[in-house]
Amino acid sequence: MERLLQSCRIQSQLVRECLAEFLGLYIAVLIGSGAAAQVITSQGTHGSYLTMQLGSALGTVTHDVCFLSGAQLNVVWSMSLWLLGRQPWRKVPLYALSHLLGAFLGAATVYLQYYGKISTVFISFLSFPLMNMYIAFTFFVVVVATALLLICCLAVEDRRQGLLPDGLAPVLVGALILTIGLSMGSNCGFPLNPARDLGPRLFTFIAGWGEEVFKAGGGWWWVPIVAPFVGGLLGTLIYELLIEVHHQLTEGDVHNGPWKKTGTRTIPLFHSSSLF
């Protein structure tokens, strides 16, 4: 068995990271959409709005599964790290593709699990605005929610704010997502991750619902893709201008940027944890 496993080992570090990102978001969608599907298909007899939000939040705590890549799980977070000079640009589109595939297959798995109740299960995959709600308003809601997510996650990740015990960062991120869901989720489902919405939307399009998944909500489908990027940029800018720029830099910080050398090791000044 050991010989077989060694023969399957992928040498490219970047490919291994992409596989980790794929698996991380696959699990997140499997748990998050599965929790929603259970509530919807049982007509509320097995769960509630709270359990749906708990599923979405706890499904993101997959740090140990994809530690190779830092469990970014959200291309908006990947873009933020690139903008801050903490990872190369080439990782952003590759991670995004990995996220999209993971979300697509996660939705497919939930579809198969609830196949006998397929008439309603697709609703658990996607976000939609409430009836008669203006697209501009829901766009604003998603921007604010994503900006808040980035501000708080950058604070969690910032080692100069203080060291966190190992494994605590992803738990805090999961709690943050739960908080956002409970406070901002009723208007349009608080889509914070473009791949988390687009992957399942593409699957439901192929699985038989066709163009309706893109026409529903007055053609709202593009909001969960565009608005998180706007919110992510806004949140990153706010944190940089109001918090990080005011840190007292050490000589090592000035010379090494976002990395600090300690002996023979190079330690990032930011933690690494999941961001759904």
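A quick note: this is a predicted structure, and the numbers were derived from the prediction, not measured. Start at 1 with the first residue, then count along the sequence.
More than 12 heavy atoms of other residues, nucleotides or ligands lie within 6.0 Å of CH2 in W220, so this atom counts as buried by the packing criterion.
Between A103 and L25, the closest heavy-atom pair is CB-CD2, 4.2 Å. Closest approach of M184 to L148, counting heavy atoms only: CE-CD2, 3.6 Å. Taking all atoms of both residues into account, the shortest heavy-atom contact from G106 to V29 is C-CG1, 3.8 Å. Here the closest non-hydrogen pair linking V75 and A96 is CG2-CB, 3.5 Å. Here the shortest heavy-atom pairing between A107 and F203 reads O-CE2, 4.0 Å. Scanning both residues, E21 and S98, for their nearest heavy atoms gives CB-CB, 4.2 Å.
No single ILVMFWY cluster, assembled from side-chain heavy atoms under 4.5 Å apart, contains both Y134 and V226. Clustering ILVMFWY residues whenever any of their side-chain heavy atoms sit less than 4.5 angstrom apart, transitively, puts L178 in a cluster other than the one holding L176. Placement of I238 and I243 within a single hydrophobic cluster is found when ILVMFWY residues are connected by side-chain heavy-atom separations under 4.5 Å, directly or transitively. Under a hydrophobic-cluster definition in which Ile, Leu, Val, Met, Phe, Trp and Tyr are linked whenever side-chain heavy atoms come within less than 4.5 Å, directly or via other members, V39 and L50 are assigned to different clusters. In the hydrophobic clustering of this structure, F140 groups with F190; members are Ile, Leu, Val, Met, Phe, Trp, Tyr whose side-chain heavy atoms approach within less than 4.5 Å, directly or through other members.
The only member of P200, S33, P224 that meets side chain to side chain contact (heavy atoms under 4.5 Å, CB included) when paired with L126 is P200.
With hydrogens and angles disregarded, no donor-acceptor distance shorter than 3.5 Å links the side chain of D197 to the backbone of I225. H46 contributes no side-chain N or O that, together with a main-chain N or O of S42, makes up a donor-acceptor pair within less than 3.5 Å. E240 places no side-chain N or O within donor-acceptor distance of the main-chain N or O of V245, the cut-off being under 3.5 Å. Using modelled atom types, no side-chain atom of N187 and backbone atom of T138 make a donor-acceptor pair closer than 3.5 Å. For the pair H246 (side chain) and L241 (backbone), a donor-acceptor distance under 3.5 Å is present. Distance alone, capped at 3.5 Å, places no donor-acceptor pair between the Q113 side chain and the G34 backbone.
Atom CD1 of I177 and atom CG of L54 lie 12.0 Å apart (nearest 0.5 Å). One finds the SG atom of C18 at 9.0 Å from the NZ atom of K91 (value rounded to the nearest 0.5 Å). Summarising the geometry, atom CG belonging to L154 is positioned 6.5 Å from atom CG belonging to L84; distances are rounded to the nearest 0.5 Å. Rounded to the nearest 0.5 Å, atoms CD1 (I180) and CG (L192) are 5.5 Å apart. Note: L237 CG to L150 CG = 11.0 Å, rounded to the nearest 0.5 Å. Summarising the geometry, atom CZ belonging to F22 is positioned 11.5 Å from atom NE2 belonging to H99; distances are rounded to the nearest 0.5 Å.
The side-chain hydrogen bond (donor to acceptor under 3.5 Å, both in side chains) analysis of residues 168-180, with sequence neighbours excluded, yields no pairs.
Checked by atom type, the side-chain pair S56/R196 shows no donor-acceptor distance below 3.5 Å. When only modelled atom types and interatomic distance are considered, N74 and Y95 share no side-chain donor-acceptor pair under 3.5 Å.
By the 4.5 Å heavy-atom criterion applied to side chains, V76 and P194 are counted as neighbours. No side-chain heavy atom of L101 sits under 4.5 Å from any side-chain heavy atom of L97. Side-chain contact check for Y114 versus Q38: some heavy-atom pair is nearer than 4.5 Å. Between E157 and W77 there is a side-chain heavy-atom pair separated by less than 4.5 Å. At least one side-chain heavy atom of R90 sits under 4.5 Å from a side-chain heavy atom of L14. Under the 4.5 Å side-chain criterion, counting only non-hydrogen atoms from C-beta, L83 is in contact with L233. Contact of the F104 side chain with the I206 side chain is registered, since non-hydrogen atoms from C-beta on lie closer than 4.5 Å. A heavy-atom distance below 4.5 Å is found between the side chains of V142 and C188.
Under a 4.0 Å N-O distance rule, the pair R86/E244 qualifies as a salt bridge.
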> Stepwise, does the side chain to side chain donor-acceptor pair (under 3.5 Å) test hold for T109 with Y26?
Replying inline: CA-CA 9 Å; T109 304; Y26 170 82; 2.8 Å; yes
> Can you list the steps and then say if E17 with L94 is a side chain to side chain contact (heavy atoms under 4.5 Å, CB included)?
Replying inline: CA-CA 10 Å; E17 291 176 5; L94 293 176; over 6 Å; no
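Between W222 and F139, the distance separating the two ring centers is shorter than 6.0 angstrom.
Geometrically, R201 engages F128 in a cation-pi contact defined by less than 6.0 Å to the ring centre and at most 45° from the axis.
The aromatic rings of Y111 and W209 stand perpendicular to each other, their planes meeting at an angle above 60°, with 30° marking the opposite boundary.
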